[in-house]
Amino acid sequence: MTKYGVLLILFFSKLPVNFTVVAMTVAKTPYDKQRVIIDSISKKLIDNYVFPDVANKVATQLLLNINNNEYLGYNESFTLADRLTDDIQEITQDKHIRVKLCQPGVTINTNEDIEKHFRKVEILDGNVGLISFDKFPSDPQAKDIIDRILLQLADVDSLIIDLRNNRGGSADFVRYFSSYFFDKKTHLNSIYWRETNKNEEYWTIDDLPSDKRPNLPVYILTSKNTFSAAEEFVYNLKVRKRAYLVGETIKGRANPGHFFYLPSRLSIFVPTGTAMNPLTKTNWEDVGVAPDLPAIAVLAFEEAYAMAKYSAIEYRVCQGKAKPEEKHSSKHYKKNYGKWTLARNNCPLKYRWAQAEYNDRTNKYQFPYQIKYYGNGSANIEYQLGNTSGKMTHIQYFKSR
């Protein structure tokens with residue numbers, strides 16, 4: 001034996017005992033590594049997923065998949081995570097469930113800047129308020145922030161809430177924010193939790209630091225990126241007829257939960273509860289929430305703002321604080337032309353008057369896009385024709401009609 005051989009033996013004999021464990025881990029085949037991950041996923045789902053029967057189906061199918069070598073070649077954790085997410089979602093039809101790679105060294109930020117989630121707060125022309133935020137934070141500080149925002153907007157005559165890029169968050173913050181728009185105690189939503197086998201009811205809160213606005217016209221902007229708790233907020237206010245939705249149909253994710261850690265620096269989000277609305281006796285899972293006025297996301301604000309300005313005029317008239325010309329503008333009379341509702345009066349005013357309706361003959365959505373009133377009573381009416389996604393495809397003009 002050479003002196004180098006003696007040195008190697010001495011070197012390895014002095015290594016810590018756990019070297020053997022590390023060496024065995026490295027020596028594991030891809031199959032062994034994947035099997036450990038899949039067994040861990042199956043256990044997390046069976047123990048925690050809100051629908052146990054479905055969890056058992058997932059466990060059975062994943063075991064079948066790996067035994068049929070369907071995960072050959074998925075040697076990197078992030079590629080395996082994507083494939084497992086697709087397989088699990090195909091079985092459960094639950095888009096909340098997802099397997100993801102945890103970044104090394106990343107820890108929970110206990111000093112998160114909650115303010116940054118509230119992107120924009122403005123008072124627009126026409127005394128229309130605008131709130132845009134991208135998360136329903138669970139941090140108690142978020143309630144203080146929304147209190148200050150609504151105090152700042154205390155005198156607006158209509159409100160636009162932009163949730164087009166809101167990714168969800170806390171059901172408790174949904175309840176808190178919603179409470180500002182109801183005067184009576186209102187049962188907003190219930191969530192069944194598997195762990196406790198009980199329904200948790202979410203009711204509006206009576207005592208708030210700022211005044212409630214139960215009659216304030218509210219418009220909510222939605223998109224395909226509106227997600228989870230943001231969907232609950234939208235759904236709750238829509239079924240209570242407390243807000244008018246403008247934008248795109250949202251995805252339909254009604255099962256809340258949290259992440260569980262897995263081997264190989266992976267984690268899985270497991271829904272541990274499911275929502276149940278007290279009025280509809282169901283939720284928005286998989287079907288989403290359709291807007292009252294379909295519009296592609298980038299046009300949603302313009303559509304809502306036009307309506308919100310007129311709603312602000314009507315609100316001021318009802319509150320007895322309208323200008324003389326605004327009072328006169330509200331005294332219009334309606335005429336019906338087929339399915340369209342038009343109006344006429346003696347002062348300049350511009351607003352959307354009718355909702356979109358689907359035309360079976362043309363296979364398009366149609367609605368009066370803009371109505372301008374003039375002192376002589378004539379009207380310039382612009383009709384927008386669009387496809388089912390709300391995208392503008394053609395415009396027609398009708399003058400003095």
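All values below were derived from every heavy atom in this structure, side-chain atoms included, with hydrogens, water molecules and symmetry-related copies excluded.
- Contacts of S170 classified as side-chain contact (heavy atoms from CB on, under 4.5 Å), with partners at least two apart in sequence or in another chain: S138, D172, F173.
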message = Show, in sequence, the C-alpha distance, side-chain angles and deciding distance for E70 and R83, and conclude whether the salt bridge (charged side-chain N to carboxylate O under 4.0 Å, His left out) test is met.
response = CA-CA 10 Å; E70 292 193 21; R83 172 61 193 272; 3.1 Å; yes
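- Here the CD1-CD distance, from I145 to Q141, works out to 4.5 Å after rounding to the nearest 0.5 Å.
- Side chains of Y31 and N69: a donor-acceptor N/O pair is absent below 3.5 angstrom, by distance only.
- In this structure the side chain of S223 never reaches within 4.5 angstrom of the side chain of I250, judged on heavy atoms.
- Results of the side-chain contact (heavy atoms from CB on, under 4.5 Å) test with Q152 over D147, V121, I131 single out V121 as the only residue that passes.
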task = Might you work through the side-chain contact (heavy atoms from CB on, under 4.5 Å) test for T92 and V58, ending with a clear yes or no?
result = CA-CA 8 Å; T92 62; V58 172; 3.5 Å; yes
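- For Y49 and H96, the ring centers are positioned 6.0 Å apart or more.
- Other residues, nucleotides and ligands place no more than 12 heavy atoms under 6.0 Å from the NZ atom of K120.
- A pairwise comparison of heavy atoms in R175 and Y202 identifies CZ-CD2, 3.7 Å as the closest pair.
- How far NZ of K309 is from OG of S158: 10.0 Å, rounded to the nearest 0.5 Å.
- In this structure, a donor-acceptor pair under 3.5 Å is absent between the side chains of T272 and N48.
- Side-chain atoms of S311 come within 3.5 Å of backbone N or O of M307 as a donor-acceptor pair.
- Aromatic ring orientation, F133 versus F118: parallel (interplanar angle below 30°, classes split at 30° and 60°).
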task = Before giving the answer on salt bridge (charged side-chain N to carboxylate O under 4.0 Å, His left out), spell out for E285 and K251 the whole-Å C-alpha distance, their side-chain angles and the decisive distance to 0.1 Å.
result = CA-CA 8 Å; E285 178 67 25; K251 291 183 176 180; over 6 Å; no
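- Between the side chain of E248 and the backbone N or O of A290, no donor-acceptor pair lies under 3.5 Å.
- Put simply, the side chain of E231 gets close to the backbone of S228: a donor and an acceptor are under 3.5 Å apart.
- Between F181 and F177, the two ring planes are perpendicular [angle over 60°; tilted spans 30° to 60°].
- For the pair S178 (side chain) and V174 (backbone), a donor-acceptor distance under 3.5 Å is present.
- Looking only at atom types and distance, the side chain of N189 has no donor-acceptor partner in the side chain of N236 under 3.5 Å away.
- Side-chain contact between T249 and P291 is present, with heavy atoms from C-beta onward closer than 4.5 Å.
- At distances below 3.5 Å, not a single donor-acceptor pair connects side-chain atoms of R253 with backbone N or O atoms of G288.
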Worked check of side-chain contact (heavy atoms from CB on, under 4.5 Å) between V234 and L245 = CA-CA 8 Å; V234 170; L245 312 187; 3.3 Å; yes
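- One distance of note links CG of L130 with CG of L153; it measures 8.5 Å at 0.5 Å rounding.
- Within the 4.5 Å cutoff, the side chain of F269 has no heavy atoms near those of the I97 side chain.
- Side-chain contact between N255 and F51 is present, with at least one heavy-atom pair separated by less than 4.5 Å.
- Minimum interatomic distance between T85 and V99 (heavy atoms only, all atoms of both residues): OG1-N, 2.8 Å.
- Across S264 and K33, no two heavy atoms sit closer than the pair OG-CE, 3.3 Å.
- Side chains of D87 and Y71 form a contact here, defined as non-hydrogen atoms less than 4.5 Å apart.
- Between the side chain of R167 and the backbone N or O of F227 there is no donor-acceptor pair closer than 3.5 Å.
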query = Can you check side-chain contact (heavy atoms from CB on, under 4.5 Å) on I37 and L84, steps first, answer last?
reply = CA-CA 10 Å; I37 294 171; L84 289 171; 4.2 Å; yes
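- Remark: the backbone N or O of E201 is not paired with any side-chain donor or acceptor of S190 at under 3.5 angstrom.
- A308 and Y219 get closest at one heavy-atom pair: CA-CE1, 3.5 Å.
- In summary, the side chains of Y235 and T280 do present a donor paired with an acceptor at a separation below 3.5 Å, with no hydrogens or angles considered.
- At a threshold of 4.5 Å between non-hydrogen side-chain atoms, the residues L262 and I41 count as touching.
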Worked check of salt bridge (charged side-chain N to carboxylate O under 4.0 Å, His left out) between K321 and D157 = CA-CA 10 Å; K321 57 179 183 178; D157 298 315; 2.9 Å; yes
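- Listed for the T186 side chain is no donor-acceptor partner under 3.5 Å among the backbone atoms of L188.
- Remark: side-chain polar atoms of N56 are paired, donor with acceptor, to backbone N or O of P52 under 3.5 angstrom.
- Separation of atoms CD1 (I114) and CD1 (I146) is listed at 12.5 Å; rounding is to 0.5 Å.
- Of the N and O atoms on the side chains of D134 and H117, at least one donor lies less than 3.5 Å from an acceptor on the other residue.
- Within the 4.5 Å cutoff, no side-chain heavy atoms of K100 are placed close to those of D82.
- For the atom pair E200 CD and W193 CH2, the distance stands at 6.5 Å (nearest 0.5 Å).
- Residues K238 and Y244 are not in side-chain contact: their nearest non-hydrogen atoms beyond the backbone lie 4.5 Å or more apart.
- Note on D39 versus R35: salt bridge recorded, some NZ/NE/NH1/NH2 to OD/OE distance being below 4.0 Å.
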key: Full working for salt bridge (charged side-chain N to carboxylate O under 4.0 Å, His left out) between K57 and D53   = CA-CA 7 Å; K57 290 180 181 178; D53 293 343; over 6 Å; no
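- Among residue pairs with one or both ends in residues 204-216, those qualifying as side-chain hydrogen bond (donor to acceptor under 3.5 Å, both in side chains) are R213-Y315; sequence neighbours excluded.
- Expressed to the nearest 0.5 Å, how far OG1 of T274 lies from CD1 of I191 amounts to 8.5 Å.
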inquiry  = If you apply the rule side-chain contact (heavy atoms from CB on, under 4.5 Å), what do you find for L163 with I220, and how did you get there?
reply    = CA-CA 7 Å; L163 301 181; I220 302 178; 3.9 Å; yes
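- For the residue pair R316 and N127, the shortest heavy atom distance occurs at NH1-CB, 3.8 Å.
- What you find for W284 and A254 is that their closest heavy atoms are CE2-CB, 3.5 Å.
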